[in-house]
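What follows is one structure encoded as structure tokens, with my remarks underneath.
Just so it is clear, the structure is predicted and the values come from calculations on it, not from any experiment. Throughout, residue positions are numbered sequentially from 1 according to the sequence presented. Whatever order the structure lists ligands and atoms in, that order sets their numbers, starting from 1.
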Amino acid sequence: MAAFPQLRLRRLRRTERLRALVRENRVDAGDLVYPIFVVEGKGIKQEISSMPSIFRFSPDQLDAEIEEVAGLKIPAVLLFGIPKQKDELGSSAYAPQGVVQQAVRRIKKSAPQLLVITDVCLCEYTSHGHCGVVVGDQIDNDQTLPLLAKTALSHAEAGTDIVAPSDMMDGRVKAIRESLDKDGFQQIPILSYAAKYASAFYGPFREAAESAPQFGDRRSYQMDPPNIREALREIEQDINEGADIVMVKPALAYLDVIRQARNAFNYPLAAYNVSGEYAMVKAAVKQGWLEERRAVMEILTAIKRAGADIIISYHAKDVARWLQSA
Ligand code: PBG
């Protein structure tokens, strides 16, 4: 075995050509998913204060944004809806003319090649802000399942390409798969937010989506951050129920979970670089404390290195632009 001075690991770091030749991981625009917030109404394009450069769009204002994303060769968008009406059962989530349903139709018309993924959850649509049906002070798992299934089905009817349940109810992948199959949508894949933690890093998203719980928190359904074996059981459960792609969320504080999931399952794996992770970088960049491009590329490459195939990120447009100019 070679040892110093014959062995010199610096030899392969001497020039960019050499470094590129032995580079183990790369982020590609084709790995990225760009989240978009759509708000019910007309003529709205409104920046989210805790997420600079990220906007809420009404469906009629989406075309330019969609054209930009498609032009950057980002393969997919992930849609979140903010409805006008919220109620106890989140009925705007599964309304045929709901805001996400309208946005899906519009996007599939303007950019048919762009994949549309729709977030399936009730929290943006319920008056109490929880991801399921509230009974007393509890979130009722089994009463929530048919509503999620109805939501996913209405997204499929509007033309979505992939449905992505993010609610963390037990059995929701099975309920959604059965309802899609029964109505002729056997070809629509399910991307499940399989290991989704109860995280402080969703803070800015809740401002963006107006989805903060009005009482209590999400810890009775989202996962406890210290656990990793449980994350593998969550992923296993969703795979057994029919998930086609599984997700770990958030990404940065959970790179170990991504790595273990990659080692344990031969399924496509997504990671969600969430709103708080984006906001931290943006805030530091604004102060002049971080170099944005290098910091963002390092973060996304780390998520890839941990084992993610697909990265959902608010930085996606910037990254795709940088990759084009590199
Ligand atoms: C809805 C949902 C949330 C996120 C994605 N889907 C918020 C939550 O669970 O409170 C968070 C995304 C982000 O922070 O970027 N259930």
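Among the atoms of S211, none of the N or O lies under 3.5 angstrom from an N or O of ligand 1. Checked by distance only, ligand 1 and E124 stay at 3.5 Å or farther apart across all their nitrogen or oxygen atoms.
The shell of residues lying under 4.0 angstrom from ligand 1, judged by heavy atoms, includes Q222. The closest approach between any non-hydrogen atom of K196 and ligand 1 is below 4.0 Å. Taking a 4.0 Å cut-off on heavy atoms, Y278 fails to register as neighbouring ligand 1. Using a non-hydrogen distance threshold of 4.0 Å, C123 registers as a contact of ligand 1.
No hydrogens or angles considered: nothing links the side chains of T160 and H155 as a donor-acceptor pair under 3.5 Å. Side-chain contact annotation: Q85 with S92, donor-acceptor N/O pair under 3.5 Å absent. Under the 3.5 Å distance criterion, with hydrogens and angles disregarded, no donor-acceptor pair is assigned to the side chains of Q214 and S127.
If you look at Y34 and Y314, their ring centroids are not closer than 6.0 Å. Aromatic ring centroids of F37 and F57 lie 6.0 Å or more apart.
Within the 4.0 Å heavy-atom criterion, neither part of D167 lies near ligand 1.
The cationic atom of K196 (NZ for Lys, CZ for Arg) lies less than 6.0 Å from the six-membered ring centre of Y202 and within 45° of the ring axis.
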